Amino acid sequence: MNAIDLLFREAVSLERTHQLALWILLKEANFCKAITGRESSGEIRWEPERQLFDLAVVGPDQEKTFLELKMWGSLSGEQLARQSYYLLKNASSGVYVLLGTSSFEVSAERIRRETHGRAIRVSYSELLAALQCICSSSGARAEVVDFAQAYANAIRDQVSLFEMQAQDASNGKLYFYVRYQRLINSLSTEARIYTVNNPGGEVYILNFVDSYNNINIGKCHGQLYAELVNGRLCIKFWLDAPAETRRITRDELRALVREAMDSENFRNSGRLGNCMTVCSLEKDLSDPAQTDYAAQMICIVRRHFPELHRLR
């Protein structure tokens with residue numbers, strides 16, 4: 001094992017390691033084109049625009065492509081909106097390099113939609129393909145090829161580690177994130193994966209973007225939706241209404257669920273609050289052995305949602 005291999009193997013879990021590696025490799029024309037889709041003058045700027053982004057690639061005609069790198073931290077909606085505004089205002093393009101747990105949390109479609117088509121998403125598969133462009137290039141310098149190969153090896157090892165950690169429930173976030181991603185891949189729907197910090201600890205959410213349904217109780221408005229919470233399928237709602245109105249609404253929804261779903265597997269659960277669980281399916285649908293059943297139950301719930309609107 002040489003020094004570069006050792007560096008990447010020991011530090012691949014650090015976001016700064018990837019930032020430095022990208023800063024070096026983006027100076028290579030074929031790698032830059034594969035990642036950004038644009039030509040580069042060879043100038044790579046570190047944390048440009050008062051650290052609004054992590055890197056910037058300056059093109060031959062001085063146009064800029066900005067890169068944002070996330071690994072274990074989440075890309076917040078506020079940050080994405082702020083950066084999108086900058087890209088639009090300055091007619092620039094962007095690339096979101098999402099690794100670690102962030103690679104599960106934000107889809108390519110969401111990046112494209114919320115940046116109005118000005119940015120793309122890059123994760124492990126795209127990064128490995130770009131590194132292969134260097135490794136297979138006959139004109140690349142030997143030291144750059146060695147660097148790219150060591151980086152690629154470390155990335156493959158990290159992806160393999162994620163797969164191993166998804167087998168052990170004690171790994172929490174990665175355990176659910178990897179399993180949720182497999183479930184998303186089996187469904188023809190857009191979904192979001194994220195973590196919520198509750199007083200009792202972290203919970204891991206798989207939220208179905210198109211499952212939200214508006215509900216109206218008199219002059220009170222809210223939404224009914226479905227999501228997986230630590231693997232359990234929950235039917236939930238929020239309502240801008242007094243506590244007693246929310247309690248009555250929850251009870252009515254529970255009766256409608258029993259009528260519409262005709263399933264003994266759903267159990268009443270949850271406490272009174274602003275966002276309340278109506279009921280939950282007491283099976284871990286993130287379990288790969290339950291993938292077909294999970295897809296079936298999710299489709300059933302979403303299909304019956306219109307029937308749950310028969311509230312007074």
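Please read these numbers as outputs of a predicted model, since none were measured by experiment.
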Taking only residues two or more places apart in sequence or in another chain, which ones pass salt bridge (Lys or Arg N to Asp or Glu O under 4.0 Å) with [X]?
X	result
E43	R45
D287	none
E39	K33
E190	R113

For the residue pair S93 and R38, establish whether any side-chain heavy-atom pair is separated by less than 4.5 Å.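 Yes, their side chains come closer than 4.5 Å.
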Hey, are the side chains of L239 and T245 touching, using non-hydrogen atoms and a 4.5 Å cut-off? yes
Could you check whether R182 pairs with E163 (Lys NZ or Arg NE/NH1/NH2 to Asp/Glu carboxylate O, under 4.0 Å)? yes
What I want to find out is whether K236 reaches E227 closely enough, with some N-O distance under 4.0 Å, to be called a salt bridge. yes
Between the side chains of S92 and N90, does any donor sit under 3.5 Å from an acceptor? no
For Y204 and E202, does a side-chain donor sit closer than 3.5 Å to a side-chain acceptor?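 Note: Y204 and E202 side chains meet the donor-acceptor criterion.
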Among all residues two or more places apart in sequence or in another chain, which pass the side chain to side chain donor-acceptor pair (under 3.5 Å) test with Y225?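 With neighbours one apart ignored, the set is empty.
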I205: hydrophobic cluster co-members (side-chain, 4.5 Å):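 Traced through the cluster, I205 reaches Y194, V196, V203, V229.
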